[in-house]
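Right, one structure below, let's go through it.
What you see is a predicted model, and the numbers here were worked out from it, not measured in a lab. By convention in this document, chain letters (A, B, ...) are assigned in the order of the sequence lines, proteins followed by strands, and residues within each chain are numbered from 1.
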Number of protein chains: 2
Amino acid sequence: MSTAAETTGGEAEPWEEVTPDAARRLLVAAVEAFAERGYHATTTRDIAGRAGMSPAALYIHYKTKEELLHRISRIGHDKALDILRTAARREGSAKERLADAVSSFVRWHAGRRTTARVVQYELDALGPEARAEILGLRRQVDAEVRGIVEDGVAAGEFDVLDVQGTTLAVLSLCIDVARWFNIDGPRTPEAVGELYAELVLRMVGAK
Amino acid sequence: MSTAAETTGGEAEPWEEVTPDAARRLLVAAVEAFAERGYHATTTRDIAGRAGMSPAALYIHYKTKEELLHRISRIGHDKALDILRTAARREGSAKERLADAVSSFVRWHAGRRTTARVVQYELDALGPEARAEILGLRRQVDAEVRGIVEDGVAAGEFDVLDVQGTTLAVLSLCIDVARWFNIDGPRTPEAVGELYAELVLRMVGAK
DNA sequence: TGCTGCGCTAAGCGCTCGCTCACCGTCGGC
DNA sequence: GCCGACGGTGAGCGAGCGCTTAGCGCAGCA
């Protein structure tokens, strides 16, 4: 398609910012375990075991199990927001920027599905202050997408009745990819990203 | 809009098929608790407490905590499938039937959000046989929506590149309503249903 | 009135959870 | 060669979990 995505999906090796090495291994193990079973069904023994350590080792690097989730959620939201910002602020028409934003956002949710699942579905397991911090990042995510939609409406490129409602639906569609996407299934993250960009352009009535 | 929904959203008093009364009270309490905190974070003491009973009372009516989730999931999926079937098999064009299906399915996910959350997001907490049974119902849900889309394409009413991918996206969009919808927020279930029907008709390129 | 069946409770069993603590091996600096 | 710092382990604590069991109160009936 002509509005092919140009932003990466954030598929570069992740978690490289987490040091030291043992702390990163524990965090990666926690992401896998939380994504598979959910936060509450995951035990600290399971996380430590996956990282090849004893249960007590976890508490050298993290104060609690919840701090692990908080760190994962924070880094993941930062990455998701970064992907959307890159797409939203590149040059091009609103149509091009929206297609780029959706396809790269979807590629991230599909390609890094384990991380995305934790980031999008385990928010309620956080305590009040941590949850409030993450909700602030979510409002910024919403604002980036809404900004592109508003630009398109203002430029006469889009035909949208309810800007906030449509923005919500677009984000919802992208986020839910983390729930159903199967890495062993027939679709690649790139293919889903392209299909979804096409569908979203139709939703906003792109000319 | 012209293709206004005509199927109810399934808002009638639910769980009336569950008897005796004590079993129903326990089940309703479990739905609320599972929706608020998730299955694994909910204790049997919490469920029994909400129903005004002692922890042991739960085991008179249900063999295990998982049986409660299974019953909720089964009844909820039956109801969701029933809503889609009613819309899919009414008279009218594919466009009318798809708009009806989406708006009533969305109304159910918004209006009965607690039930829908449990039904859609706690599937992994079920054991293998129960999960397999529910997955069978999900395939029927997918088939109903795909059937309408295929009808529309065959009749020349819709313009769809990837029928299975678009069906997946439509269902995903509807289901995710259970995640973000807030009963105290600015939107009514009816309004979201109508907006989503409009967006979905655009996604399928309805003439 | 006495008996029976049943819905329910009080108490608690065995287990696993998140987390702690006393201790240990390794390694750079003097 | 000795020492302190640091990253790690083994054992286990108190708490809370899902679930069980012995027994209680009460409605229905002879």
Side-chain angles (χ1 to χ4, degrees), chain A residues 15-73 118 122-131, chain B residues 15-73 118 122-131:
Chain A
W15 311 122
E16 56 193 350
E17 66 267 57
V18 181
T19 57
D21 181 67
R24 178 169 52 246
R25 270 158 50 218
L26 283 164
L27 192 132
V28 169
V31 170
E32 287 172 11
F34 292 162
E36 265 178 40
R37 310 217 237 280
Y39 175 80
H40 289 294
T42 298
T43 70
T44 54
R45 283 162 178 83
D46 182 28
I47 297 168
R50 284 174 192 247
M53 294 169 162
S54 75
L58 196 151
Y59 294 91
I60 294 163
H61 300 283
Y62 301 96
K63 235 170 58 204
T64 62
K65 176 180 155 187
E66 195 198 313
E67 193 198 321
L68 259 171
L69 177 61
H70 183 194
R71 286 268 245 276
I72 292 165
S73 199
V118 178
E122 300 293 344
L123 183 65
D124 290 345
L126 289 172
E129 349 66 61
R131 182 160 60 241
Chain B
W15 311 123
E16 56 194 351
E17 66 267 58
V18 182
T19 56
D21 180 67
R24 178 169 51 247
R25 271 158 49 218
L26 283 165
L27 192 130
V28 168
V31 170
E32 287 173 10
F34 292 163
E36 264 178 40
R37 309 217 237 280
Y39 175 79
H40 290 293
T42 298
T43 70
T44 54
R45 285 162 177 85
D46 182 28
I47 297 168
R50 285 174 191 247
M53 293 168 161
S54 77
L58 196 152
Y59 295 91
I60 295 161
H61 300 283
Y62 302 96
K63 233 170 59 210
T64 62
K65 177 180 151 185
E66 195 198 315
E67 193 197 321
L68 259 170
L69 177 62
H70 183 194
R71 285 269 244 276
I72 292 166
S73 199
V118 178
E122 300 293 343
L123 183 65
D124 291 344
L126 290 171
E129 348 66 61
R131 183 161 57 241

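- Taking 4.0 angstrom as the limit, A:His40 places none of its side-chain polar atoms (N or O) nearer than this to OP1 or OP2 of C:dC17.
- Between the NZ atom of A:Lys63 and the C1' atom of C:dG18 there is a distance of 14 Å, rounded to whole Å.
- Distance CG (B:Leu58) to C1' (C:dC8): 12 Å, rounded to an integer number of Å.
- B:Leu68 places its CG atom 11 Å from the P atom of D:dG18, with the value rounded to the nearest Å.
- Between D:dG18, C:dC17, D:dG7, one nucleotide has an atom nearer to the side chain of B:Lys65 than all others, and that is D:dG18.
- The side-chain heavy atoms of B:Ser73 and B:Leu126, taken from C-beta on, include a pair separated by under 4.5 Å.
- Residue A:Ala35 comes nearest to A:Val118 through the heavy atom pair N-CG2, 3.6 Å, listed as atom of the first residue, atom of the second, then distance.
- Contact annotation: the side chain of B:Arg37 never approaches that of A:Asp124 to less than 4.5 Å [non-hydrogen atoms, C-beta and beyond].
- Between the P atom of D:dC6 and the CG atom of A:Asp21 lies a distance of 18 Å, rounded to the nearest Å.
- If you take CD1 of B:Ile60 and C1' of D:dT21, they are 12 Å apart, rounded to a whole angstrom.
- A straight line from OH of B:Tyr59 to P of C:dC8 spans 16 Å, rounded to a whole angstrom.
- Taking atom OH of residue A:Tyr62 and atom C1' of nucleotide D:dG7, one finds them 14 Å apart after rounding to whole Å.
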Nucleotide N/O to protein N/O under 3.5 Å, stretch nucleotides 10-13 of chain D:
from	atom 1	to	atom 2	distance (Å)
D:dG12	O6	A:Arg45	NH2	3.4

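- Of the candidate nucleotides C:dC8, C:dG18, D:dT9, C:dC8 has the atom lying nearest to any side-chain atom of B:His61.
- Taking all atoms of both residues into account, the shortest heavy-atom contact from A:Ala33 to A:Ile47 is CB-CG1, 4.5 Å.
- For residues 51-64 of chain B, no pair satisfies side chain to side chain donor-acceptor pair (under 3.5 Å), with sequence neighbours left out.
- Contact check for A:Leu58 versus A:Leu68: side-chain heavy atoms found under the 4.5 Å cut-off.
- C:dC24 atom C1' lies 16 Å from atom CE of A:Met53, rounded to whole Å.
- The nucleotide whose nearest atom lies closest to any side-chain atom of A:Thr44 is, among D:dG18, C:dG18, C:dC8, C:dG18.
- No side-chain heavy atom of A:His40 sits less than 4.5 Å from a side-chain heavy atom of B:Tyr39.
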